[in-house]
Amino acid sequence: MNDCVFCKIRDGVIPSEKVYEDETMFIIKDIDPKAERHYLMIPKRHFKLLSEMTEKDTEDLGRCLKKIPELSSLLGLEGGYRLVINQGDDAGQTVFHLHVHIMCGQSLDFPDLRRSK
Ligand code: 5GP
Ligand code: ZN
């Protein structure tokens, strides 16, 4: 059984606030936002880490990244935005289905990324 929370969101088993979807990926609002606006862009194909990408995953992630600026007005990216891909424990990765954080809607100082433990 697949226990991956993002696969479950992809399949509609867990609800989410989806703001965009195409054949390759979907974008949802993060349930615990760390910026004024915080989205997660999630490739539909499950893989954990950049180090595990197949050729197809590589192609898909490239398409995903290229799509972000095209969604500028939908996501409100006009003022700038930050992309983050956490990889592994030291980065604080908690969901092991690769995803891209999209943060925007405010001035993003670098220390804002750090989590308080
Ligand atoms: P990571 O720490 O793995 O880079 O990021 C995982 C992100 O997924 C976190 O920012 C967390 O708030 C978000 N998240 C975890 N579970 C859910 C969920 O069920 N729904 C949504 N929308 N976001 C989630
Ligand atoms: Zn998954």
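Every number for a ligand or one of its atoms is a count from 1 in the order of the listing. Residue indices begin at 1 and follow the sequence shown.
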Closest N/O/S atom of His97 to the Zn ion (ligand 2), by atom name? ND1
Give the cluster check for Ile28 versus Ile14: same hydrophobic cluster or not, with ILVMFWY residues linked at side-chain heavy-atom distances below 4.5 Å. yes
Phe96 to ligand 1, any heavy atom closer than 4.0 Å: no
N/O to N/O below 3.5 Å, does that happen between Gly92 and ligand 1? yes
Decide yes or no for Asp3 and Lys8: does some side-chain heavy atom of the first lie under 4.5 Å from some side-chain heavy atom of the second? yes
Closer than 4.0 Å to some heavy atom of Asp32 - which atoms of ligand 1 meet that? 12 (O)
Heavy-atom pairs closer than 4.0 Å: do any link ligand 1 to the side chain of Glu17, the backbone, both, or neither? neither
Is Val5 touching ligand 1 with its side chain, its backbone, both, or neither, if touching means heavy atoms under 4.0 Å apart? side chain
Restricting to N, O or S, what is the name of the atom of His46 that lies nearest the Zn ion (ligand 2)? ND1
Is there side-chain contact between Ile42 and Ile9, with heavy atoms separated by less than 4.5 Å? no
If we only count N/O pairs under 3.5 Å, is Ile31 in contact with ligand 1? yes
Would you say the side-chain atoms of Arg82 pair up with the backbone N or O of Ile102, donor to acceptor, closer than 3.5 Å? no
If we set the cut-off at 4.0 Å for heavy atoms, which region of Tyr39 has an atom near ligand 1: side chain, backbone, both, or neither? neither
Please indicate whether any nitrogen or oxygen in Asp30 is less than 3.5 Å from any nitrogen or oxygen in ligand 1. yes
Give the numbers and elements of all ligand 1 atoms closer than 4.0 Å to a heavy atom of His101. 1 (P), 4 (O), 5 (O), 7 (C), 10 (O)
Asn86, any N or O under 3.5 Å of ligand 1 N or O: yes
Give, rounded to 10 degrees, the angle between SG (Cys4) and SG (Cys7) as seen from the Zn ion (ligand 2). 120°
Beyond-backbone contact of Leu49 with Phe47, side-chain heavy atoms, under 4.5 angstrom: no
Got more than 12 heavy atoms from elsewhere within 6.0 Å of CD, Glu70? yes
Test side-chain contact (heavy atoms from CB on, under 4.5 Å) applied to Met25 and Met41, His99, Arg63, Arg45, the passing residue: Met41
With a 4.0 Å cut-off on heavy atoms, does Ile9 reach ligand 1? yes
So, do Leu40 and Phe6 sit near enough that their side-chain heavy atoms are less than 4.5 Å apart? yes
For Leu40, the atoms of ligand 1 under 4.0 Å from one of its heavy atoms are 8 (O), 13 (C), 23 (N)
Enumerated ligand 1 atoms positioned under 4.0 Å from heavy atoms of Phe6: 8 (O)
Do the side chains of Lys44 and Glu21 get close enough for a salt bridge, i.e. N-O under 4.0 angstrom? yes
Co-membership, hydrophobic cluster, residues Leu71 and Phe26, 4.5 Å side-chain: no
Measure the acute angle between the ring planes of His46 and His97, then classify it against the limits of 30° and 60° as parallel, tilted or perpendicular. perpendicular
His38 versus ligand 1: do any nitrogen or oxygen atoms come within less than 3.5 Å of each other? no
